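Working notes, beginning with the structure itself.
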Amino acid sequence: MSEQHDADRGRPTYDVEAIQTKWQKVWAELDPFKARDDDSAERRYLVDMFPYPSGDLHMGNAEAWALGDVIARYWFQQGYDVLHPIGWDSFGLPAENAAIRRNENPVVWTKANIETQAESFRRYAISFDWSTRLHTHDPEYYRWTQWLFLKLYEHGLAYRKQSPVNWCPNDQTVLANEQVVGGKCERCGAEVTKRNLTQWYFRTTAYNQRLLDDMAALEGHWPNRVLTMQRNWIGRSEGAHVDFLIEGRDQPVTVFTTRPDTLFGATFFVIAADAPLAAQVCADEQRETFAAYLEQVRRATEIERLSEGRDKTGVFLGVHTINPVNGERIPVYAADYVLADYGTGAIMAVPAQDQRDWDFAKRFDLPIVRTVRPSEGFDGEAFTGDGPAINSANDEISLDGLPVDEAKRRTIAWLERKGLGRGTINYRLRDWLISRQRYWGPPIPIIHCPSCGEVPVPEDQLPVVLPELKGAEMQPKGVAPLASAVDWVNVSCPRCNEGAKRDTDTMDTFVDSSWYFLRYPTPDDATQPFDVEAVKRWGPVDQYVGGVEHAILHLLYARFVTKALHDMGYLDFVEPFTALMNQGEVINQGKGMSKSLGNGVDLGEQIAAYGVDAVRLTLVFAGPPEEDMDWSDLSPGGSVRFLQRAWRLSGDVTSEPGTDPARGDDALRKATHKVISEATQLLDGQRFNVMVARAMELVNATRKAIDSGPGAADPAVREAAETVAIVLSLVAPYTAEEMWHRLGHAPTVAKAGWPVADPALLVEQTVTAVVQVQGKMRGRLDVPPDISADELEALARLEEKVIRAIGDATIRKVIVRAPKLVNFVVS
RNA sequence: GCCGGGAUGGCGGAAUCGGCAGACGCGAUGGUCUCAAACACCAUUGUUCGAAAGGACGUGCGGGUUCAAGUCCCGCUCCCGGCACCA
């Protein structure tokens, strides 16, 4: 016995440290959470978004894993064959920046942090199958990330193009659209600028409609806000393509519009200044003006471009185009309020019905023609609402008087008939830019050959291993650090054997994490990225747990990769994560924890002070899983107190293990089985905080039964205490195991089996009926649950308080809902 | 501006089928134990009137439906999150 004894009372005390040390060792030997994968039970697959190894685990990690572990451990208790894996998302910038500072290779810092976190996870007692462990920086992992690249390349889903891209001047690398937040680098906060570069892309746009449609199956299983964010990001909009002929060009220029009905009001035409088209159409006499403007646009950061209340800028390109619907000659401008990479990079401008166009028209003194009659009393500028069309007729078509929807349909039909345009659907989603000019990521497995062009590295030559750079060799300088590893770069072309060069960019770390859940079932497979059959057995992930910060990036990419691999025949599902839970954030004193605010709460210190179980319990009990919690509102001390009360029950029970509870105290048994029944429902609904509350009630009831009820020897007391241990095993594994041990059982309580409520014990002998007068509560009656309406009403009429409340009034109506309620309506 | 979510005691939160508002916990107050303190345990704890019995009020605000509304409907306010010159 490792328990210490209280000197005064001679009774064992609840020694958190000792219990933790003791059971950690036992569990390491038992390895109880290893997935069996042997068809002995239904499989369940739970994944927590794997951690980035930056230092030790923190409060946020602690919450996410505590919540995921409740679900995993509940499944273990129910007898499922559970796969609950762990890995590390171990490529990425922080390691690289640290390595530059420390003049070493990023692997050193990365490995050290991983070991620290792994050790913390073990102490934190998460129910992992440790044999699943993987790290994305291992060549044996990224070999398959490169394989994924090659497969996408093979199927036309990976390609290289030149395009204006987001550039982070601080990190000296390009960024995906998704990594630019409010014009700033998502990672370092620097203002992002644009550069025209040739980069690698994954063709996410090939899946835009399916990414949208397949969300129907996630409805109700994914948080609403995540689905909404994904929908916004994909940004489907219905409209039309309209062709415009620009003077001096043979090929028409197509624009996208959601308002084809307003075509008669298009009084000018705008091309994104940084789109190649702008330079192409520009008239010679305007060339200098345009070049100056373009230079100004290029220099501006996104922040400046988007800044509130900024006047529209632009230049006339010296050419005109013809409005196809009315033959009007309208001027063509270049401006930066039109985006080069949305739609076609050019628009028809309808100032009367679009505020941006209105602003531009005012600035450059361009005509404004209303083609939708604004509603009564409208005193704004551009009118974007519904209304009858006006000024919208030519020899062949008249929209006048039609509402917007109908006018759109007619215009599209007319355009299609004339061959001047067509109805279309446009998406905001763009292709995923995956090249990075940094070191610590998987090299792109492409060789550039002067005669053969882009040549994929043959599969049997994977992995393309990173050359071992350290310190300043990785210093970002705008070109990829790999370029300076001359021996590594120069290779012979796999196709023609002549001298060639490796691609020197590495892949975005989001590529690593876009498929890791497929490798967990077979993490050591040296012959393939994942075992198709094993993934069929386990996949898709039944429950995914992680922060909402990945609502767009990671989840969108993982969904895209899953669909692509499905179409290639590797997967039999199209959505990777059947259900998603976003845990809330742990904040402190109303603000996010940060060094600068000095309000950080250190997980290690909390665990040292209160113990693993109390910290986990506090996090789970704080509120609904998805809600943010403020650590300063919580009381780990209270959790310790509760755990101690629970633990003490296990020492008080005097009956032998295996005692038949049927002879036990009826009232306590009923309480126990009610808690079992409720806890089961609450777990199924992921309402873990309420489940903890029920466990607390059972502890209180058991305490009472021991002290002032049937006593410690009653079999119902044992049943209750054992139930407490099992329920607590989902949240407080150490305390639960210790209780289980003191109750005379062998480890491990984690697999004791989830109790089943006895329906006979859930039937109440009496229920409380409420008696109301005028809807106000005036009395309570204890009645049998099968009481008839008449009997209940008769009893209610005899209640003294009810009689008093009715007084002289006449009873107009009596509502009886036996056995719960009687309501007298009087006047 | 658009989209999503929310507002319940001093605090975190329960009440997910329209039927006892405030489960459970924290904090607070009083008590038991103690030389004392801490721990532990017991009791009280929505506001208000009342000595008490008992009553009135009470779920962001204003209306409505209903015998009955935290819950449903209409109109607001405020807070949190996301998107935003996306044609």
Side-chain angles (χ1 to χ4, degrees), chain A residues 6 8-9 13 181-182 223-233 235-237 239 255-259 262 266 270 272 305-308 310 312 335-339 341-350 353-357 359-360 384 426-430 548 551-552 585 617-618 621-624 626-639 641-642 644-645 648 678 681-682 685 687 689-697 699-700 703 707 768-780 801 804-805 812-817 820-826:
Chain A
D6 186 307
D8 299 331
R9 296 187 180 127
T13 59
V181 179
N224 231 326
R225 60 174 167 165
V226 175
L227 293 173
T228 308
M229 283 160 78
Q230 294 240 336
R231 282 196 189 97
N232 287 345
W233 194 259
R236 178 191 155 105
S237 59
V255 300
F256 172 74
T257 176
T258 55
R259 294 294 303 275
T262 63
V270 189
R305 202 177 66 79
L306 297 172
S307 61
E308 198 85 17
R310 176 172 170 271
K312 293 273 181 291
D336 71 348
Y337 83 94
V338 172
L339 307 175
D341 54 359
Y342 181 77
T344 63
I347 61 157
M348 63 179 218
V350 187
Q353 274 87 227
D354 185 293
Q355 189 60 43
R356 298 156 300 181
D357 297 343
D359 295 341
F360 193 85
T384 55
N426 195 60
Y427 299 86
R428 207 182 77 118
L429 180 72
R430 286 161 231 183
V548 73
I552 298 174
E585 215 185 319
L617 180 81
T618 303
F621 184 55
E626 64 279 7
E627 295 290 313
D628 290 350
M629 65 182 81
D630 194 321
W631 189 253
S632 65
D633 289 336
L634 306 175
S635 63
S639 299
R641 221 146 47 222
F642 163 69
Q644 190 166 337
R645 277 163 59 78
R648 199 173 306 122
E678 287 184 1
Q681 280 174 38
L682 290 163
R687 305 183 51 228
N689 57 324
V690 189
M691 180 210 63
V692 170
R694 296 294 170 263
M696 289 171 168
E697 286 176 53
V699 168
N700 292 343
R703 181 82 260 153
D707 292 347
T768 304
V770 173
V771 187
Q772 300 176 330
V773 177
Q774 297 289 74
K776 283 184 182 170
M777 218 272 290
R778 294 296 171 180
R780 281 172 207 175
K801 283 174 73 175
R804 202 164 350 118
R812 293 273 172 224
K813 198 173 169 187
V814 186
I815 291 145
V816 186
R817 295 278 179 277
K820 300 280 295 178
L821 173 125
V822 181
N823 188 10
F824 294 99
V825 185
V826 302

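Because only heavy atoms are used, hydrogens play no part in the values below, and waters and symmetry mates are left out as well, while side chains stay in. Here is the naming used below: chain letters follow the sequence lines, and residue numbers restart at 1 for every chain. Predicted model only: the values in this text are computed from it and were never measured.
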Point to revise | Euclidean distance, atom CD1 of residue I815(A) to atom P of G19(B) [Å, nearest integer] | key: 14 Å
Point to revise | Whole angstrom value for the distance that separates P of G54(B) from NZ of K801(A) | key: 6 Å
Review point. To the side chain of Y337(A), which of C11(B), G13(B), C85(B) is closest?
Key: C85(B)
Point to revise | Pairwise C1' distance for A53(B) and C17(B), with rounding to whole Å | key: 37 Å
Check your understanding: What's the CZ-P distance between R430(A) and C83(B), to the nearest Å?
Key -> 14 Å
Revision key, fill the gap. Rounded to whole Å, CG of N700(A) lies from P of A43(B) at a distance of 10 Å
Review point. What distance, rounded to whole Å, do you find between the two P atoms, one in G27(B) and one in C61(B)?
Key: 30 Å
Review point. Which nucleotide, in any strand shown, forms a Watson-Crick or G-U wobble pair with C24(B), with both distances under 3.5 Å?
Key: G12(B)
Check your understanding: For the side chain of K820(A) and the base of C20(B), is some donor closer than 3.5 Å to an acceptor across the two?
Key -> no
Check your understanding: Looking at side-chain heavy atoms only, is the closest gap between E585(A) and V548(A) below 4.5 Å?
Key -> no
Check your understanding: Rounded to whole angstroms, how far apart are CG on N232(A) and C1' on C3(B)?
Key -> 6 Å
Exercise for review: Quick one: look up who A40(B) pairs with, Watson-Crick or G-U, both distances under 3.5 Å, and put none if it's unpaired.
Suggested key: U32(B)
Review point. Taking any strand in view, what nucleotide pairs with C76(B) in a Watson-Crick or G-U wobble way, both distances under 3.5 Å?
Key: G60(B)
Exercise for review: With a 3.5 angstrom cut-off on both distances, give the Watson-Crick or G-U wobble partner of G50(B), or none if there isn't one.
Suggested key: none
Review point. If you look at every strand shown and take non-hydrogen atoms under 4.0 Å, does E697(A) touch a base, only sugar-phosphate, or nothing?
Key: sugar-phosphate
Exercise for review: To the nearest Å, give me how far apart CE (M348(A)) and P (C85(B)) are.
Suggested key: 20 Å
Review point. Below 3.5 Å, does any donor atom in the side chain of E627(A) face an acceptor in the base of G12(B), or the other way round?
Key: no
Check your understanding: Given atom CD of Q644(A) and atom P of A38(B), what is their separation to the nearest angstrom?
Key -> 17 Å
Review point. Step by step, would you call N426(A) with Y342(A) a side-chain contact (heavy atoms from CB on, under 4.5 Å)?
Key: CA-CA 9 Å; N426(A) 195 60; Y342(A) 181 77; 3.1 Å; yes
Check your understanding: Taking the same atom, C1', in C73(B) and in U66(B), what whole-Å distance lies between them?
Key -> 12 Å
Point to revise | Base G19(B) to side chain R817(A), donor-acceptor N/O within 3.5 Å cut-off | key: yes
Practice item. For G9(B), decide between syn and anti, treating a glycosidic angle within 90° of 0 as syn. Key: syn
Check your understanding: Across all strands shown, which nucleotide pairs with G81(B) by Watson-Crick or G-U wobble geometry, both distances under 3.5 Å?
Key -> C3(B)
Review point. Between G27(B), G19(B), C24(B), which one does the side chain of M696(A) approach most closely?
Key: C24(B)
Practice item. Considering only atom C1', compute the distance from U71(B) to G22(B) and round it to an integer number of Å. Key: 15 Å
Practice item. With heavy atoms under 4.0 Å as the rule, sort R645(A) into base, sugar-phosphate or nothing. Key: sugar-phosphate
**Study point:** Partner nucleotide of G70(B) by Watson-Crick or wobble geometry (both distances under 3.5 Å)
**Key:** none
**Study point:** Whole-Å distance separating the CE atom of M629(A) from the P atom of C26(B)
**Key:** 17 Å
